[in-house]
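First the structure, in the form of structure tokens, and then the observations on it.
Below, chain A is the first sequence line, B the second, and so on; all start at residue 1.
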Amino acid sequence: MKGRLSHPSTPIPNDFVRKTGKKRGGYNCGRCGLPKKGHVCDFTKDSINEVPTPTSGDAKSFVSPSMSSVIRPQPPPPPPPRQAVPQLRRALSFDDIGVTDESPGSDDDDDEREELLDLESELDISGSGKLPANCLWEVLKRLPPSSLLSSAKVCKGWRDVSRRIWRSAEELRLGVPVNAQIGLVGSVLKKCPGLVKLSLRMKSDVDATMLACIAFSCPNLDSLEILTSDTSVNRITGDELGRFVAEKRCLTNLKMEGCSNLGGFTLSSTSLSALCLSDLFCHSKMVFNCPNLKEISLEFSRQENDNTDLTAMVDGLGKSCPRLQNIHVASVRLTHAVVLALTAANLRGLRMLSLVLGSEITDASVAAISSSYSWLELLDLSGSSITDSGIGMICNVFPETLSNLLLALCPNITSSGIQFAAAQLPNLELMDCGMSICNPDLDSPASQKNDNVELQRTPSSKLHLIYQKLIIKHSRLKKLSLWGCSSLDSLYLNCPELNDLNLNSCINLNPERLLLQCPNLESVHASGCEDTLVETLKNQVSDDFTAEDYFPCKRLPDGSKRIRVPLLYSPQPFDDAKRKRRISKQRSAVLVY
Amino acid sequence: MASSSKTEQKKMLILKSSEEEEFEIEESIAVQSGTIKNMVEDDFTLIPLPNVDTETLIKIIKYMKKHGEKTKSNEKDIEEFDKEFVKKSFTELKELVLAANYLHITSLIDLLCQAFADRIKNKSVKAIREIFGIPNDFTPEEEAEVYEQHKWAHEEGKEHIDHSAY
């Protein structure tokens, strides 16, 4: 995808290739709106006086038919700022307009020059408060769509500049309000025929008329996003979507939310390269005839009774989209059979695989995946039933390539599995084990009342699941997420590259059993944690202390050192003078898939 | 061809405002202005700026000095400076943007235009006209036409939360 960054406060037309559109027939004087031919603009004299070179006087008197040529010998004034040349030209050309019969639209150069003239003609330093036109352009282009529409109503000059900005817009993001009529969106889209990327956040219902409107108004569209909200329903059907996709020959990216009404569909497109559909539900047929599809993301709704045949879908996907590199499927109905269909497809380019929410995905599925796709860079099996042996298999097969491992909400893995993964995967940069080291039974409010009693009754085999400890030493790990790991009791991290650590809701993490040696740590998330823990985190993160001073290590017979997480240590005082670290205590809730 | 001696480490320039006041400034800092840079290439050391009054020139020199010392470590410092810099009245900002435009200081033009955009965002048409002192030059027919073409389900003055992008 093209990396176009939108300015954070102005998510609209941002990128333009050319400032001045080639407008044929620029007949009207930019100042007064009357046809240029044979008229002397009232503003002419003012503008000539504003030209900042002393030779403006010369310009005024220099009247000759040959002036229609752009090149003119530069008089040597005390400062000859090169940027003033267009102003000189402008001054001359106003004379031009008054005297010669300049036929507009003669050739491109002239048109462009006229455009330039029109833009520059806004310059009015006498103090009525107008901005120079190129500055006006810079200001207006930073406005959100609604303000840009308002700005057109200010005066003619603003209307013209605003119009040009729309025309040159390549990217547009609109929030469509609750009672909007299709005509409104249509009228906005008509202003920007060069649109390449469109994103609509719908607060009102959307149906095929919107697609038709888009198809009609945006011939060059390559990226489309239709996002829904709580107040809107997406009524587009599968047939309508299929038709849209088939007819839009240059569409490469499509993202659509609220797809529950799609029903059965077939999407055929040779241009489509990234597809993202959410809120899918009950699709009798899901066919993707997109040979160039590289990324696909399918999020199914969590409702019960979803009767979509995932196996058939994945089977078809494997056959018709051989170039897939990233696959993401989120559905509670994912099973081992689906995984088998996927592995049978032999997608050679597959680098990122994410099959989440499938509690029926087991270690056997991991075995299948690792035997068919040994070059994965990202593997996400959150919500599955894999165990530590599954992790073992992952570490066997993917050590060279795997950089992202996500195993959140996997109740059957333990901290040993996680430690093993961290130790065996040298290229790991992101690991997410949220809500995996926790025991929901123990944490439920009912049991907490009888806490002591519960503990006594818990068999010793399970006791180790309650007080879990995690020791991770990794040279490349950048992001680690342990949110919701309520069974986590001690944590030791020695990760020089770690930037982001998520400990939200690690309610049982003992502040005295916490040691962070991560000098590059930028943010630690600790919402829902005890205050003492937060304090400890703040202290640790703000200091750079070395390991050796700090905790006892035991030398083992084979010469290796086993480092024991200290039971007691005294936190160092918070020192502002040391390198600054941020702690962000976020109010965000725990992410649950 | 260079008139400055090669042993001189810091070449100084003199900028002269429209009110004939002169200010000395290091060349390395002053060339943040494209206009000045061009003149320096043509060997000028005294640079008259008849379009820029003294007050504005002082502010611009202050900006250029701050941005001339840009290093990795003081980025936040410069951000703070920029934030404070645009806390000025509209008239001052207008003078600044005209000067910055004339002097071709791209980063300053961007900063000022962004400040303008932030201020007129979500303002009504009347308010914008007042701020800039722009008269309504539409004929009634033209006005009706432009209103028609630029409709977006909102009324003047209301909060545009739904329509501005997220």
| field | side-chain contact (heavy atoms from CB on, under 4.5 Å) assessment of A:Ser151 paired with B:Ile120 | value | CA-CA 9 Å; A:Ser151 70; B:Ile120 65 177; 5.7 Å; no

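Atom CG of residue B:Asn101 and atom CG of residue A:Leu136 lie 11.0 Å apart, to the nearest 0.5 angstrom. Atom SG of A:Cys135 and atom OH of B:Tyr102 lie 14.5 Å apart (nearest 0.5 Å). In this structure, CZ on A:Arg159 lies 11.0 Å from CD on B:Glu143, to the nearest 0.5 angstrom. The structure places OG of A:Ser187 at 9.0 Å from CD of B:Gln149, a figure rounded to the nearest 0.5 Å. We find the SG-CG distance between B:Cys113 and A:Asn134 to be 8.0 Å, quoted to the nearest 0.5 Å.
Remark: B:Lys88 NZ is packed, more than 12 non-hydrogen atoms of other residues, nucleotides or ligands lying under 6.0 Å away. No more than 12 heavy atoms of other residues, nucleotides or ligands lie within 6.0 Å of CZ in A:Phe216, so this atom counts as exposed by the packing criterion. More than 12 heavy atoms of other residues, nucleotides or ligands shown are found within 6.0 angstrom of CD on B:Glu22. Around the CD atom of B:Glu55, the shell of radius 6.0 Å holds no more than 12 heavy atoms that belong to other residues, nucleotides or ligands.
Within the 4.5 angstrom heavy-atom criterion, only side-chain atoms of A:Lys191, from C-beta onward, approach chain B.
Of the possible polar contacts, one joining the B:Asp137 side chain to the A:Lys156 backbone as a donor-acceptor pair under 3.5 Å is found. Under a 3.5 Å cut-off, the side chain of A:Ser147 and the backbone N or O of B:Asn122 do form a donor-acceptor pair.
Interface remark: of the candidates B:Asn136, B:Val97, B:Asp110, B:Ile109, B:Asp110 forms the most heavy-atom pairs closer than 4.5 Å to chain A.
Checking each of B:Val125, B:Ile134, B:Val146 against A:Trp158 for a side chain to side chain contact (heavy atoms under 4.5 Å, CB included) leaves exactly one that passes, namely B:Ile134.
Heavy-atom minimum distance, A:Pro144 versus B:Lys121: CD-CG, 3.3 Å. Of all heavy-atom pairs between A:Val154 and B:Phe138, the closest is C-CE1, 4.0 Å.
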